[in-house]
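One structure is given below, encoded as C-alpha cells.
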Amino acid sequence: MTKSIIVEFSLSDVLPRSFYDRSPLIVGREIIGKKLIRTFENGKELSGTIVEAEAYGGNRDPASHSFRGKTRRNEVMFGEAGHAYVYFTYGFHYCLNFVTSSKFGKASAILIRAAEPLTGINFMERQRKTTLITQLASGPGKLCQAFGIDKSQNGIDITRTDSAIRVESSDLNLRVSTSKRIGIRVAIDRRWRFFSTSSPHVSGGPSSKVRGIRES
DNA sequence: CACCCGATTATCT
DNA sequence: GATAATCGGGTGT
C-alpha cells in the first residue's frame, strides 16, 4: 500500500506515452524546452534542455528511414510511440530519435538534434574533448557523444521513470522557430525542423556557420 | 559479395 | 567550400 501511494504521488515529471503518440510535427514542436535526462547504471546523471528537433514521417516522407518499409535497422520506428530509435551513421556518429504516432504514415519519429547542457557538464566536456559549452550538444552526433548514447539504447522505453533516457516536463516556455530540415537531399521543401529561437546551442551555431544553414 | 552512400563532424584551404 | 574519417545498412548481382 505504501508503495502504491509513493507511485501515485511520485514527483516524477516524465512525459507519458500520450505525449509521444501524436503527429511528429506536434511532438517536435512541443518537445523544445523539455528536459532530456540520461542516467547510467552507476547512478551518474546528465541533463540538458532540448533546443532542436526534426520530424520524420513514414510513407508520407521520402526523407524518413521508414519510407521504404520495415528493416532490421528501423524496426523500432514501426513499434510503440515513446521508445528510443538510435542509429549509427557516417561510420562515426549515433543519432537519437523518439518514436511518435504510428498513425502518421505507419512509422514516424523525431530526431533530437541539440540540447543546452544543464548538469553533468564535466562529463560531457570529456566525452566531446572540448570545453566550449555551445559545442557540447549542438548537433545530433554531438548530442549522442556528450550524453553517452549509442545503439545499446536502441528500442528502450523512454516513458519509464527508471529509463536510461527519458524526458521531463519543464516550466520553460521557449519561443520556437521552424526551418527546412538539415542534411537531407529529398523532401527539402518541408519546414519540419523546430528549434529554440536564437538559442546558441542549436546546430548551425557559432562554428557551423560555414555550413550555410539558413533559418528563415 | 560488391557496391554505394548516408537524418555528421572536424579540419583544411 | 571541400573533404577525410570510417562503417554498416540496403540493394542488386
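It should be emphasised that the depicted structure is a prediction, and the values quoted were computed from it without experimental measurement. Below, chain A is the first sequence line, B the second, and so on; all start at residue 1.
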What is the distance, to the nearest angstrom, from the [atom1] atom on [X] to the [atom2] atom on [N]?
X       : N      : atom1 : atom2 : result
E54(A)  : dA7(B) : CD    : P     : 11 Å
F67(A)  : dG6(B) : CZ    : P     : 15 Å
Q135(A) : dT8(B) : CD    : P     : 15 Å
F88(A)  : dG8(C) : CZ    : P     : 6 Å
K151(A) : dC7(C) : NZ    : C1'   : 10 Å
K142(A) : dA7(B) : NZ    : P     : 18 Å
I182(A) : dG6(B) : CD1   : P     : 16 Å
K180(A) : dA7(B) : NZ    : P     : 18 Å

**Q.** Residue among F88(A), Y87(A), F147(A) satisfying side chain to side chain contact (heavy atoms under 4.5 Å, CB included) with Y94(A)
**A.** F88(A)
Q) Between Y56(A) and dA7(B), do the rings stack, that is, sit under 5.5 Å apart with planes less than 30° off each other? A) yes
Between [X] and [N], is there a contact of a side-chain N or O with OP1 or OP2 at under 4.0 Å?
X       : N       : answer
T71(A)  : dG10(C) : yes
R73(A)  : dG10(C) : yes
R113(A) : dT8(B)  : yes

Q. Considering Watson-Crick and G-U wobble pairs with both distances under 3.5 Å, what does dA7(B) pair with?
A. none
Q: With a 3.5 angstrom cut-off on both distances, give the Watson-Crick or G-U wobble partner of dT6(C), or none if there isn't one.
A: none
Just to be sure I understand the rule, does [X] reach a base, reach only the sugar-phosphate, or reach nothing, if contact means heavy atoms closer than 4.0 Å?
X       : result
L111(A) : base
K129(A) : nothing
G141(A) : sugar-phosphate
R185(A) : sugar-phosphate

Q) Can you name the nearest heavy-atom pair linking L25(A) to A55(A), along with the distance? A) CD2-CB, 3.7 Å
Q: Flag this pair as yes if the NZ/CZ of R73(A) is under 6.0 angstrom from the six-membered ring centre of Y85(A) and inside a 45 degree cone about the axis; otherwise no.
A: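 Verdict for Y85(A): no cation-pi partner in R73(A).
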Q. Quick one: does NZ or CZ of R22(A) land under 6.0 Å from the six-membered ring centre of F19(A), within 45 degrees of the ring axis?
A.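 Here R22(A) passes the 6.0 Å and 45° test against F19(A).
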Q: May I ask you to verify whether the side chain of Y90(A) and the base of dA5(C) hold a donor-acceptor pair under 3.5 Å?
A: no
Q) For S23(A) and S101(A), does a side-chain donor sit closer than 3.5 Å to a side-chain acceptor? A) no
Q | Toward the 5' end of DNA chain B, by each residue's nearest nucleotide, R128(A) or I184(A) | A |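 Closer to the 5' end of DNA chain B: I184(A).
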Q. Is F40(A) reachable from I165(A) through a run of I, L, V, M, F, W or Y residues, each pair having side-chain heavy atoms under 4.5 Å apart?
A. yes
Q.
Starting the side chain at C-beta, find the nucleotide from dT8(B), dA7(B), dT11(C) nearest to H93(A).
A.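 The nucleotide sitting nearest to the side chain is dT8(B).
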